[in-house]
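Below is one structure, written out as structure tokens; comments come after it.
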Amino acid sequence: MLKLFQDTGHRAFLFADRLANVIFGPKWNPLYHLGTLAFFFFYIVLVSGIYIYIFYDTSVVNAYTSVEYMTHEQWYLAGVMRSLHRYASDAMVATMVLHLLRGFFSGRYHGARWFSWTTGIPMLVMVFAIGITGYWLVWDQLGQFIAVRTSEWIDWLPIIAEPTARNFLTNTSITDLFFRLLVVTHLGLPLMLLGLMLLHVTRLNYAKINPPAGLAIGCTAALVVLSLVKPAVSHEAADLSTLPTQLNLDWFYLFIYPLMDRWSMGTVWALVGGGLLLLVLIPWMPPKRREPVAVVYADDCSGCNLCVVDCPYEAIRLEARTGGASAGRYQHLPIAVVDESKCVSCGICTGSCPSSTPFRQTDEVRTGIDMPHKNIQDLHAATREALAKLTGQTKVLVYGCDHGVEMSKLMQAEVAMISLPCTGALPPSFIVYALRHGADGVFLTGCRSGDCFHRLGNDWVDQRVTHHRKPYLKRSAPRQRVRRYWAAASDHKQLVNEIESFCQSLRDISPPSVKAEAQDVVPDSETRG
Amino acid sequence: MKIFQYLGQAFWYLLFIAFIGYFSTSPAYTFMEPDQALIKLAFNHAGKLKLPCREFTAEELAAKPKQMRIKFDCPRERSPVYVIMKVDGKPFFDKVISPSGLAKDLSSPLYERIPLKAGQYHLYLGMRDHIDTEGLDYEFEGTITLAASQILVIGFDSDLKEFTFE
Ligand code: HEM
Ligand code: SF4
Ligand code: SF4
């Protein structure tokens, strides 16, 4: 049931992504930048907020008129800033919720990834608290409505004996002190939120925090246009002896207030509490056994740091080696150490390790860092087996991942498939190996560019193949025999076409230049680049 | 091709601001119908002490340590407060409000929203602040006029012992 819901949502995102990829290209696709856009809108909120605070009067009697001044007298700057403040806040909620849904539908919260998910939840609460106090500060009829209903909502909880709603009985019962407290909340919470936002991405290597410049400019321009076309305005001034009747609610922030009127305060509490509890539990629903984490093999780790810089989850660091002379040939060099609590078992580190090579004089293929449950010997065996199975005229070996198109769907006489936890887990030396052992071409696929399930896997593959990231794919591997095509689970048809066109292009060129007879051992210097 | 991309982006941004712009104020929400008025019955009145002070008996005093032998036993617990409101002769609202505080020795707070259509009403209010009272301790009877969208705050002045209207 949950799975079906997630799959449906995931497919909806993939569909929208495809459209956005056509319009923006994968680098600028806003749907791949929901988190960074939320960050960016937050910056706009901060800057515009600081500006309008200069004009804002924090007393009950003057708050409303000071906001009116901005909107009507200094409409060209303070008014625009006020509108930007409102609309960027709305955009922040929209992108944040989409970002949450995207993470939920694609299942990017299991195991060690619970951290980003869980820190996101207090951020969600804070964003709403900031927005609600913001509307309160205007002290118009909407602010009055929020003040009264919020305090009545809080009073429902049996914690405070004296009903807080009594503060809003008459125009004289509300005090400047209370109002200033509100202002402090509205200014203090964003600072706490900023701290949490930074914490939210601490466990991510190369976290994307800022959107690409083009997207940032586009969004800013769009919000400025909106601010000019539809400036933010207030309702009538608050008057506690009069009932607000019609209200122009900001549905991004205030949707729970109509629920309070329709249902009971208790129901709304149950809804909010239950919803938050559900969010908190999601990373553990259903409870999954965590996959084994990466293991370092001291004899084959030279402390080169490649896996440290490639791990998308900052789970590896280098440490001084202990064990003296018994620590093998690399005894004077540091060693990689995996932090179990951060490792998500993506295997990308095995792909980064220059020791991961199938060309060995010893009979066993080894590596410096590996996944115990899907190790490099398994990959070696699978590669040999797949190559042996190829019987067609052109022989293509496809390396894909568990999150892209389902590999078993692609099998045919000319094409053999191997699926890895992430395509980034493929050491480039295996591509050379396959070409030397009978494959006419090697085809690499996995999640769409910009949307890797493990964040960075397909980027690393691109860079290794194009000689921009170590370990490089050796130059001696002819590039026309290696093709990359990034495709989501729903891109089955496009992938089949692309593989077909690859086979055709292989038929058009002469037999492989690198032959199986070539020497089997590659000097270390070559794989290390 | 590039031109279509730019057009597509322009359209995308247009959709984005249309979405943000629309839901930031619309659809309008009718909190209260225009002919609606609201009475807020709200006060914080301390009920009388539940039991009167009484003198300790000789035996009770003897059982106490010397320095704690005070003459009177004055339980701090207060009576709950009972309010009733009738509109045009019909009972409309009534409630027993327990005193707050762990020892039930503090006042009884009330905050109640009572929506009524705008118009003229005959209003009756009664309150009892001691459990032993037979009838009611305080009463009010009179005609009120509620204008459309008016909020009438009815309180109780514990010093003057009367209902207040604001
Ligand atoms: C103020 C709102 C938020 C902002 C600004 C924000 C921003 C970000 C950013 C910049 C990233 C890094 C993306 C990357 O480089 O891969 C991220 C990751 C993540 N966010 Fe948020 N986020 C917000 C709210 C939330 C919420 C409410 C949730 C869910 C409850 C959430 C869940 C996640 C998860 C699970 C990841 C990690 C994805 C992964 O492991 O690949 N975020 N967020
Ligand atoms: S498997 Fe390797 S790359 Fe992936 S999270 Fe664990 S240590 Fe990092
Ligand atoms: S990439 Fe391999 S050799 Fe380099 S530090 Fe990591 S485990 Fe050691």
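For the numbers below, each heavy atom of this structure counts, side chains included, while hydrogens, waters and symmetry mates do not. A, B, ... follow the sequence lines: proteins, then strands. Residue 1 opens every chain. Keep in mind that what you see is a predicted model, and the values were worked out from it rather than measured.
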Answer yes or no: is there a donor N or O on one side and an acceptor on the other, between the side chain of Gln9(B) and the main chain of Ile23(A), under 3.5 Å?
yes
Test your reading of the model: is there a side-chain donor-acceptor pair from Gln5(B) to the backbone of Val22(A), 3.5 Å cut-off?
yes
Specify the closest pair of heavy atoms between Ile20(B) and Ala94(A), including all atoms of both residues, with the distance to one decimal.
CD1-CB, 4.3 Å
Output the distance between atom CD (Gln141(A)) and atom OG (Ser149(B)), rounded to the nearest 0.5 Å.
8.0 Å
Can you tell me how far apart CG (Asp90(A)) and CZ (Phe23(B)) are? Round to the nearest 0.5 Å.
11.5 Å
Test ring pair (Phe, Tyr, Trp, His ring centres under 6.0 Å) on Tyr6(B) and Phe24(A); report intermediate values, then the result.
CA-CA 8 Å; Tyr6(B) 288 135; Phe24(A) 288 90; over 10 Å; no
Closest non-hydrogen contact found for Pro244(A) with Phe31(B) is O-CD2, 3.3 Å
Name the region of Val224(A), side chain, backbone, both or neither, that has any atom closer than 4.5 Å to a heavy atom of chain B.
neither
Interatomic distance, OH@Tyr87(A) vs OG@Ser24(B), rounded to 0.5 Å, equals 4.0 Å
Got a sec: does the CZ of Phe15(A) have more than 12 other heavy atoms crowding it under 6.0 Å?
no
Trp251(A) side chain near Pro27(B) side chain, heavy-atom distance below 4.5 Å
yes
Please round to the nearest 0.5 Å and tell me the distance separating atom CZ of Arg166(A) and atom OH of Tyr111(B).
10.0 Å
Contact origin within Phe19(B) toward chain A - heavy atom pairs under 4.5 Å:
both
State the CG-OG1 distance between Leu38(B) and Thr242(A), to the nearest 0.5 angstrom.
11.5 Å
What part of Leu14(B) is in contact with chain A, defined as an atom under 4.5 angstrom from a non-hydrogen atom: side chain, backbone, both or neither?
neither
Checking Ala18(B) against chain A: side chain, backbone, both or neither under 4.5 Å from a heavy atom?
neither
Is chain A contacted by the side chain of Thr25(B), its backbone, both, or neither, given a heavy-atom distance below 4.5 Å?
both
Heavy-atom pairs under 4.5 Å with chain B are the metric here; pick the option from Phe255(A), Phe145(A), Tyr257(A) that has the most.
Phe145(A)
Give me the atom names and distance for the closest heavy-atom approach of Leu169(A) to Ala42(B).
CD1-CB, 3.7 Å
Is the closest side-chain heavy-atom distance between Glu152(A) and Arg113(B) below 4.5 Å?
yes
Evaluate whether atom CD of Gln494(A) has more than 12 neighbouring non-hydrogen atoms of other residues, nucleotides or ligands under 6.0 angstrom away.
yes
Ignoring hydrogens, what is the shortest heavy-atom contact between Val225(A) and Ile17(B)? Give both atom names and the distance.
CG1-CD1, 4.1 Å
Considering only heavy atoms and a distance below 4.5 Å, find which of Pro109(B), Ala10(B), Ser26(B), Ser100(B) pairs most often with chain A.
Ser26(B)
If you measure from OH on Tyr13(B) to OG1 on Thr220(A), what distance do you get to the nearest 0.5 Å?
8.5 Å
Is the CZ atom of Phe11(B) crowded by more than 12 outside heavy atoms at less than 6.0 Å?
no
Is the number of heavy atoms from other residues, nucleotides or ligands under 6.0 Å of Phe72(B) CZ greater than 12?
yes
Run the side-chain hydrogen bond (donor to acceptor under 3.5 Å, both in side chains) test on Asp261(A) and Tyr29(B) for me, step by step, so that the C-alpha distance in whole Å, both residues' side-chain angles and the decisive distance to 0.1 Å come before the verdict.
CA-CA 11 Å; Asp261(A) 299 337; Tyr29(B) 173 60; 2.4 Å; yes
Looking at every non-hydrogen atom in both residues, tell me the closest pair between Thr245(A) and Pro34(B) and how far apart they are.
CG2-CA, 4.0 Å
Part of Leu240(A) within contact of chain B (heavy atom distance under 4.5 Å)
backbone
Among Ala165(A), Pro30(A), Ala91(A), residue most engaged with chain B (heavy-atom pairs, under 4.5 Å)
Ala165(A)
Tell me, for Ala20(A) versus chain B, whether the close heavy atoms (under 4.5 Å) come from the side chain, the backbone, both or neither.
both
Using the side-chain contact (heavy atoms from CB on, under 4.5 Å) rule, take Lys40(B) and Val148(A) through it: C-alpha gap first, then chi angles, then the decisive distance, then the call.
CA-CA 12 Å; Lys40(B) 285 188 183 176; Val148(A) 174; 3.7 Å; yes
